[in-house]
There are 2 protein chains.
Amino acid sequence: MRAEAIKGHVDLLVLSVLQRSPAHGYAVAERLRKRSSGVFDLAEGTIYPALYRLEGQGLVESRWRTVGGRRRRVYRLTTAGEQALSGRRRHWDAFATAMQAVLS
Amino acid sequence: MRAEAIKGHVDLLVLSVLQRSPAHGYAVAERLRKRSSGVFDLAEGTIYPALYRLEGQGLVESRWRTVGGRRRRVYRLTTAGEQALSGRRRHWDAFATAMQAVLS
DNA sequence: CTTGACGATTAGCACCACTAAGTATACGGT
DNA sequence: ACCGTATACTTAGTGGTGCTAATCGTCAAG
């Protein structure tokens, strides 16, 4: 998937995968790859800064976890994150609908 | 419509409205506004540079027309533009499908 | 003659995803 | 032991692209 296409939608994607259950950055990337059938193959330089951004906005929160000697920072949605997610879903729907209207 | 959402899709939108018939920049913006029911209200600083970019890529071509004393640069799709459009439509479909898969 | 719609241009800014490199642990194969 | 690969995080720098805002100009309506 070309980079520019997902601009402005990465946060929505990340929030969406975190809604099901908390996850660390690497797992977020994996879930996105899997759930999109490989279409969203986001670089680390995309996913981690996105998580920092979301944490800065208070939409996710994190804590360190050590599993088998590996440090993981596990993120989960905050209440504000849940609300933001539902708003962004509606925003996406409006966008996709408008795109469809122009393209049809 | 927030700016970031359409990043990477403006070219597709512009090519799409030009496919029906040639148009000048101002008219392209109007058509987009109308066909999207006001969702896509693109600034001039977005639409004109997009047209220049597309012309630079050989996807559209333009010629000056004077109508009632007003200069207009009328753009129309080239053959390469038609092909690019159909490719980008498929690309959009893949993107929208993947988004839906992640969000659902 | 002032206002607003039409129509185009462009310099500068800001955001955001990517590249690329670095750091570090675990584990399987040789 | 050594090496490659997967896992896991960080971050400086770059580039694309849409926006802001200003400028220049014509025309019709008030």
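Both backbone and side-chain heavy atoms feed into the values below; hydrogens, waters and symmetry mates do not. Here is the naming used below: chain letters follow the sequence lines, and residue numbers restart at 1 for every chain.
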Next on the checklist: So A/Gly45, base contact, sugar-phosphate only, or nothing? Heavy-atom distance under 4.0 Å.
Outcome noted: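 Base contact.
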Whole angstrom value for the distance that separates [atom2] of [N] from [atom1] of [X]:
X: B/Gln57; N: D/dG16; atom1: CD; atom2: C1'; result: 12 Å
X: B/Leu42; N: C/dG7; atom1: CG; atom2: P; result: 17 Å
X: B/Phe95; N: C/dA17; atom1: CZ; atom2: P; result: 11 Å
X: A/Leu12; N: C/dC16; atom1: CG; atom2: P; result: 14 Å
X: A/Arg70; N: C/dA26; atom1: CZ; atom2: C1'; result: 5 Å
X: A/Glu55; N: D/dT10; atom1: CD; atom2: P; result: 10 Å

[X] side-chain N/O to [N] phosphate OP1/OP2 under 4.0 Å:
X: A/Arg73; N: D/dT10; answer: yes
X: A/Tyr26; N: D/dC9; answer: no
X: B/Arg53; N: D/dG18; answer: yes

Heavy atoms only: give me the nearest [X]-[Y] pair and the separation to one decimal.
X: A/Leu18; Y: A/Tyr75; value: CD2-O, 3.7 Å
X: A/Ser36; Y: B/Ala98; value: CB-CB, 4.0 Å
X: B/Ala50; Y: B/Asp11; value: CB-OD1, 4.1 Å

Checklist entry - Want to settle it: does B/Tyr48 or A/Val67 sit nearer the 5' end of DNA chain C, counting the closest nucleotide to each? => result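 This one resolves to B/Tyr48.
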Item to check | Which nucleotide in C/dA8, D/dT10, C/dC15 has an atom nearest any side-chain atom of B/His24 | outcome: C/dA8
Next on the checklist: Can you identify which nucleotide, out of D/dC9, C/dA8, D/dG18, has its nearest atom closest to the B/Trp64 side chain?
Outcome noted: C/dA8
Checklist entry - Between A/Arg31 and A/Ser16, is any side-chain donor less than 3.5 angstrom from a side-chain acceptor? => result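 On atom types as modelled, these side chains do not qualify, holding no pair under 3.5 Å.
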